[in-house]
Amino acid sequence: DMFSASADLANTFRLEQQVVNVLGELVAQTEAKLGIIRQYLKDYESVVEEKAASEEEFMERVAGNPIHAYRLMKRLYFDWQTVEKEIKTDNWRNALRRLEQVRMGAKFPKEEDFFGAAQALVRLQDTYELNMTQLARGNLWGRQTRAELTAQDCLFMGKHAFNAGAYARAVEWFEESYILAGQENNRTLRQDQVMEFIQHAINMHDDTLQQTKKRHPMAVLSHTNSFRLPLKEKPAGVQRSEIIRSRKYNVGKHITDQDDATNFNALCRGETLLNDKLLAQLKCWYDSRRQPYFLLMPIKIEQNSMEPAIYTFHDVLSDDEIETIKELAKPLLARSMVQGKTGVGHEVSNVRTSKTAWLPEGLHPLLNRLTRRISLITGLKTNPIRDEAELLQVANYGIGGHYAPHHDYLMKGKADFELNDVERGGSTAFPRAGVAVKPVRGGAAFWFNLKRSGKPDPFTLHGACPVLLGHKWVSNKWIRETAQTFNRRCTLDANE
Ligand SMILES: O=C(O)CCC(=O)C(=O)O
Ligand SMILES: [Fe+2]
């Protein structure tokens, strides 16, 4: 697929430029052709201007005029050759051949890409609580862009949401489509065409809600799929703002699945969930990690969370190193996988939309240097050749690309390098710890997935927030459990 990584999206835009070039030339050629034919017709007009009572009188007047006679000869002897030549050249077939060539050498989006992009928009809307009207007008969380949606686009989005069972969102998209249909200068739809969709989606929403309530009176409804009350009782707009106003956050020991989801989204939006006392404990400091390597240039460490301990190491990678890593990864990127539901094997899943590449240590001398640097910073053994850690993984997220909250229990610790600044969104959020780490170019987030005892730490639940605007490139290093028996005691947190 091509929506799950920004590198592929850029290539698809390039592909469209080729298509547009062919189409643009076709339009220019066709217009030139029409111009020549129009000119011929215009030249003929002086003949028609000779008004006469009858056909006979007309012919007499025209044929008896030496100027008309001369121009008739000129038109049919001289101009006609040009007109005929133009009609004979087939620009369409030529354009078609060139378009086929473009298509042959490249990947065109498929249905899954179209759906994936629509799904990404809905995900962004949910996470960032984007106001529908602003979103349709290109406003992405306060950043005004020139991208806009038409009434027809919104209708498509509504249909997509509807087919996915997200009736609450479907109604909102259809209603936006209705508003736009009433405002557009370049009509893409009529309002009465949209009305049917609204009615149908409202009925579906209300019926489904009623059935769910009957079967599972205590069910927690997803705000994407359903509002709390039937839409016939309370309109979508009112219910949506009530949902936003009445959210409650819960961080700490007694946290539910619903809290995980609400917290995750809030953290992605940059909201602060920790109280002032907890916030005051978080410090920044310079550290040479008791290593001569860092004496001249100590690392800037920022503590993002105390329990579990999460740190950001700033300026770990230089700009050159970042570019090298990205270039090494680009040809190797493939759709990211997750562990299969049965626990065996890996599969593509919508909970993780990105592309990833594993960089073998021998690919470039930088990788080995980086492995040693990570070891010096974390105090852990990280040599993948000795199975102490995984190879370096590079991930690229496209629009709406995300990784839903999960645990990385198989690995002890994880260092997460940011390869660029994301314009909007894309943080790594820890819904149970109540913190989010913003992507900062060249920095690395680090945490332990396992406690000292070797038991999994459920509070390390984390996920990648969907990218709202911009690109996200990260590089991950998972560090294994077994190799670390003697190293961790003297590492980051002496209090643990
Ligand atoms: O990209 C991120 O911010 C986190 C990625 C992650 O959690 C993972 O790849 O396991
Ligand atoms: Fe992870």
Side-chain angles (χ1 to χ4, degrees), residues 4-7 120 123-124 127 260 263-265 267-270 302 304-305 308 310-313 316-317 322 325-326 329 332-340 346-359 374 389-433 435-450 456-468 470-481:
S4 59
S6 60
R123 185 181 309 126
L124 289 172
T127 309
D260 281 343
N263 287 3
F264 182 74
N265 288 350
L267 290 166
C268 288
R269 292 192 298 271
E302 177 186 351
N304 304 103
S305 162
I310 302 166
Y311 306 90
T312 305
F313 305 115
V316 178
L317 297 176
I322 288 173
I325 294 174
K326 280 196 208 170
L332 301 174
L333 286 173
R335 178 69 191 257
S336 312
M337 304 282 200
V338 294
Q339 190 120 52
H346 288 77
E347 57 190 32
V348 165
S349 160
N350 280 334
V351 305
R352 188 183 191 192
T353 47
S354 61
K355 288 201 169 167
T356 36
W358 296 95
L359 303 186
I374 299 170
E390 297 286 307
L391 295 178
L392 194 69
Q393 188 194 55
V394 179
N396 177 213
Y397 294 80
I399 39 158
H402 78 141
Y403 193 169
H406 63 279
H407 289 105
D408 292 324
Y409 283 155
L410 289 180
M411 298 298 149
K412 179 162 198 143
K414 180 172 180 235
D416 188 4
F417 295 87
E418 295 300 337
L419 304 182
N420 70 323
D421 300 311
V422 186
E423 232 182 294
R424 284 272 198 286
S427 299
T428 309
F430 299 75
R432 295 188 186 165
V435 298
V437 182
K438 276 218 187 83
V440 188
R441 189 177 160 90
F446 178 78
W447 68 91
F448 291 106
N449 292 302
L450 305 180
D457 184 351
F459 284 78
T460 58
L461 185 78
H462 65 279
C465 298
V467 176
L468 180 55
H471 310 258
K472 180 177 174 181
W473 284 89
V474 286
S475 183
N476 301 314
K477 187 83 171 175
W478 282 275
I479 302 162
R480 281 186 193 280
E481 158 79 287

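As the structure lists them, so they are numbered: ligands from 1, and atoms in each ligand from 1.
- Remark: minimum distance from atom 3 (O) of ligand 1 to any protein heavy atom is reached at T428 OG1, 2.5 Å.
- Close approach of ligand 1 to H406 is summarised as follows: ligand atoms under 4.0 Å from at least one heavy atom of the residue are 6 (C), 7 (O), 8 (C), 10 (O).
- Scanning all heavy atoms of the two residues, the minimum distance from R335 to S349 falls at NH2-O, 3.1 Å.
- Shown in contact with V474 at under 4.0 Å from a heavy atom are these atoms of ligand 1, numbered in order with element: 1 (O).
- Note on ring orientation: taking the six-membered ring where Trp is involved, the planes of F313 and F446 are tilted (angle from 30° to 60°).
- When distances to the Fe ion (ligand 2) are checked against a cut-off of 2.8 Å, D408 contributes an N, O or S atom below that limit.
- Only the side chain of R352 comes within 4.0 Å of ligand 1, judged by heavy-atom distances.
- Proximity of a side-chain donor or acceptor of D416 to a complementary backbone N or O of V474 within less than 3.5 Å is not detected.
- With hydrogens left out, the protein atom closest to atom 8 (C) of ligand 1 is K414 NZ, 3.3 Å, a heavy atom.
- Looking only at N/O/S atoms, H406 comes nearest to the Fe ion (ligand 2) through NE2.
- For residues 418-432, every residue pair satisfying the salt bridge (charged side-chain N to carboxylate O under 4.0 Å, His left out) rule, not counting sequence neighbours, is listed here: R143-E423, D260-R432.
- Separation of atoms OG (S4) and NE2 (H402) is listed at 11.0 Å; rounding is to 0.5 Å.
- Taking a cut-off of under 4.0 Å to the non-hydrogen atoms of N476, the atoms of ligand 1 that pass are 9 (O).
- In this structure, CG in N420 is found 8.0 Å from CD1 in I322, a value given to the nearest 0.5 Å.
- For V422 against K472, the heavy-atom pair with the smallest separation is CG2-CB, 3.7 Å.
- Residue-ligand proximity, K472 to ligand 1, at heavy-atom distances under 4.0 Å covers atoms 1 (O), 2 (C), 3 (O).
- Contacts of W478 with ligand 1, taken as heavy-atom pairs under 4.0 Å, involve the side chain alone.
- Scanning the protein heavy atoms around atom 4 (C) of ligand 1, the nearest turns out to be D416 OD2, 3.7 Å.
- Here the closest heavy-atom approach between residue F430 and residue V437 is recorded as CE1-CG2, 4.0 Å.
- Close contacts of ligand 1 with D408, meaning ligand atoms under 4.0 Å from a residue heavy atom, involve 10 (O).
- Identified under the salt bridge (charged side-chain N to carboxylate O under 4.0 Å, His left out) test for residues 436-449, with sequence neighbours left out: D319-R441, E323-R441.
- Per-residue contacts place Y397 under 4.0 angstrom from the following atoms of ligand 1 (heavy atoms of the residue considered): 1 (O), 2 (C), 5 (C).
- The Fe ion (ligand 2) has no N, O or S atom of H407 inside 2.8 Å of it.
- Taking distance alone, with nitrogen or oxygen atoms compared against 3.5 Å, Q393 stays at or beyond that limit from ligand 1.
- The two residues V394 and L333 come nearest to each other via the heavy atoms O-CD2, 4.1 Å.
- Residue H462 approaches ligand 1 through these ligand atoms, each under 4.0 Å from one of its heavy atoms: 7 (O).
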